[in-house]
There are 2 protein chains.
Amino acid sequence: MELKPVAERFVLHWGEMGSTWGVNRTVAQVHALLFIAGRPLHAEEIAETLGVARSNVSMSLRELQNWNLIRVVHLLGDRRDHFDVTSDVWNLFRTVVRERKSREFNPTVNVLRECTQSPDFSREDAGAQARIKETLALMEVLSTWADEMLALKPETLMKILKLGARIQNLVAKAKRTPKADGAS
Amino acid sequence: MELKPVAERFVLHWGEMGSTWGVNRTVAQVHALLFIAGRPLHAEEIAETLGVARSNVSMSLRELQNWNLIRVVHLLGDRRDHFDVTSDVWNLFRTVVRERKSREFNPTVNVLRECTQSPDFSREDAGAQARIKETLALMEVLSTWADEMLALKPETLMKILKLGARIQNLVAKAKRTPKADGAS
DNA sequence: CCGATATTTCAGTACTTACAGAAATTAGCG
DNA sequence: CGCTAATTTCTGTAAGTACTGAAATATCGG
């Protein structure tokens, strides 16, 4: 497949960002290619288009599957696996956030919990104890909040995002008239 | 400086997470050590405690300064630079989010903008054009939202976080009675 | 069940990044 | 202005990661 100029730019940029996003260049490029192609591609076609080894594509596809970003599909009369990525950016966004949370956030919450529950915890300096507790408390609030936001319908979430900082007015109002927050 | 068991666990864990957070092990360990110590440390003390080369600490401290996570302080009668990290977890959180946004998010927003404005953009498949535009639109909404949230006072932000998914009730109510969202 | 095609695994190599130790530079102090 | 302590920069090496090409395995059609 020949990429048109903007598609090529997109794929190359996605690849460059990969390292800051925690995946390698090829993985990010494969993802970008599938996203821009808008139809399922087979490994051979991906390898040719990106100019990387077939085996490298195989590994990258597996990695993308671990991220829940792609799925295998089959076309009638074609034995080859084809790979499809969601073209819904909301879905993409939510999957990435969910995965990164579980890789970059949850492990630390767990360790901090273990730290505070350890019999050795009381032997630490008072200040250190306090900072660990505060860190854990903030992370737990953020974790719960993120899970709840991820569970909302995209339209609802979008409304909240677009409201932006004006949200504070609603929160302030809710405080004055507690009934306003309803029950969940 | 001898680390007590929980502090050691904390520092080692922070170091292990470093790679998923986009910094190397030593950088994350130095940060963890300063955070847990709760007082400014000089490079020599850091190197000894962590068991790494003095020069490595120097590079790591520079990196942490690039992240706006530490600052140099001086003690009376001591020529050496001492390094202090904010012990306020809210500050830490906001700095990290701000920095990661500017490294992992903003560059892509810029490239996508350039893509859509390129004269070659119209030559792409209609579907590809649409997906790039949608991606850009979502990222711009998220970007604005994040900047606004980062600008709020911690107490306000905390209230919003604690409200969690119940926020949608306020948003729904605001829609029914538009005055409720006030003006900003 | 055989042959052809598709896919995965593996071993070696190239590339990148992290690190130590030495050398060079900077900054205070007498 | 020279001496000493502190810090940074530099160079080589080690460790880690990504990638290729080949070999092994699996899958499907006939």
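Naming convention: chains lettered A, B, ... in sequence-line order (proteins, then strands); numbering from 1 in each chain. Quantities reported herein were computed from a predicted structural model and do not represent experimental measurements.
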Do the side-chain N or O atoms of [X] get closer than 4.0 angstrom to the phosphate oxygens (OP1, OP2) of [N]?
X: A/R54; N: D/dT20; value: no
X: B/R79; N: C/dC29; value: no
X: B/S55; N: C/dA20; value: no

What verdict does the side chain to side chain contact (heavy atoms under 4.5 Å, CB included) test give for B/L61 and B/I46, after you've listed the backbone C-alpha separation in whole Å, the side-chain angles of each residue and the deciding distance to 0.1 Å?
CA-CA 10 Å; B/L61 288 169; B/I46 296 170; 4.1 Å; yes

Gap between atoms [atom1] and [atom2], on [X] and [N] respectively (whole Å):
X: B/Q65; N: D/dT7; atom1: CD; atom2: P; value: 12 Å
X: B/R80; N: D/dT4; atom1: CZ; atom2: C1'; value: 14 Å
X: A/I46; N: D/dC19; atom1: CD1; atom2: P; value: 15 Å
X: B/L61; N: D/dT9; atom1: CG; atom2: P; value: 12 Å
X: A/D81; N: D/dC28; atom1: CG; atom2: C1'; value: 12 Å
X: B/D78; N: C/dC29; atom1: CG; atom2: P; value: 11 Å
X: B/R62; N: C/dT25; atom1: CZ; atom2: P; value: 16 Å
X: B/H82; N: D/dT7; atom1: NE2; atom2: C1'; value: 14 Å

Atom CD in B/E114, atom NE2 in A/H13: separation rounded to 0.5 Å?
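Going from the CD atom of B/E114 to the NE2 atom of A/H13 covers 9.5 Å.
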
Please report the interatomic distance CE(A/M149) to CG(A/L161), rounded to the nearest 0.5 Å.
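One finds 9.5 Å between CE of A/M149 and CG of A/L161.
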
Can you hop from B/V109 to B/L138 via hydrophobic side chains spaced under 4.5 Å?
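Yes, because B/V109 and B/L138 connect within a single hydrophobic cluster, where side-chain heavy atoms sit under 4.5 Å apart.
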
Heteroatom pairs (N/O) under 3.5 angstrom, protein to nucleotides 16-18 of chain D:
none

Identify whether the distance between the nearest side-chain nitrogen and carboxylate oxygen of B/E104 and A/R100 falls below 4.0 Å.
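Yes.
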
So do the side chains of B/V73 and B/F83 get within less than 4.5 Å of each other, counting heavy atoms only?
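Result no, sub-4.5 Å side-chain heavy-atom pair not found.
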
Assuming nearest nucleotide by heavy-atom distance, tell me which of A/H74 and A/V52 is located more 5' along DNA chain D.
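Nearer the 5' end of the strand: A/V52.
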
From CA spacing to verdict: side-chain hydrogen bond (donor to acceptor under 3.5 Å, both in side chains), A/H74, A/D81:
CA-CA 6 Å; A/H74 287 98; A/D81 288 351; 2.7 Å; yes

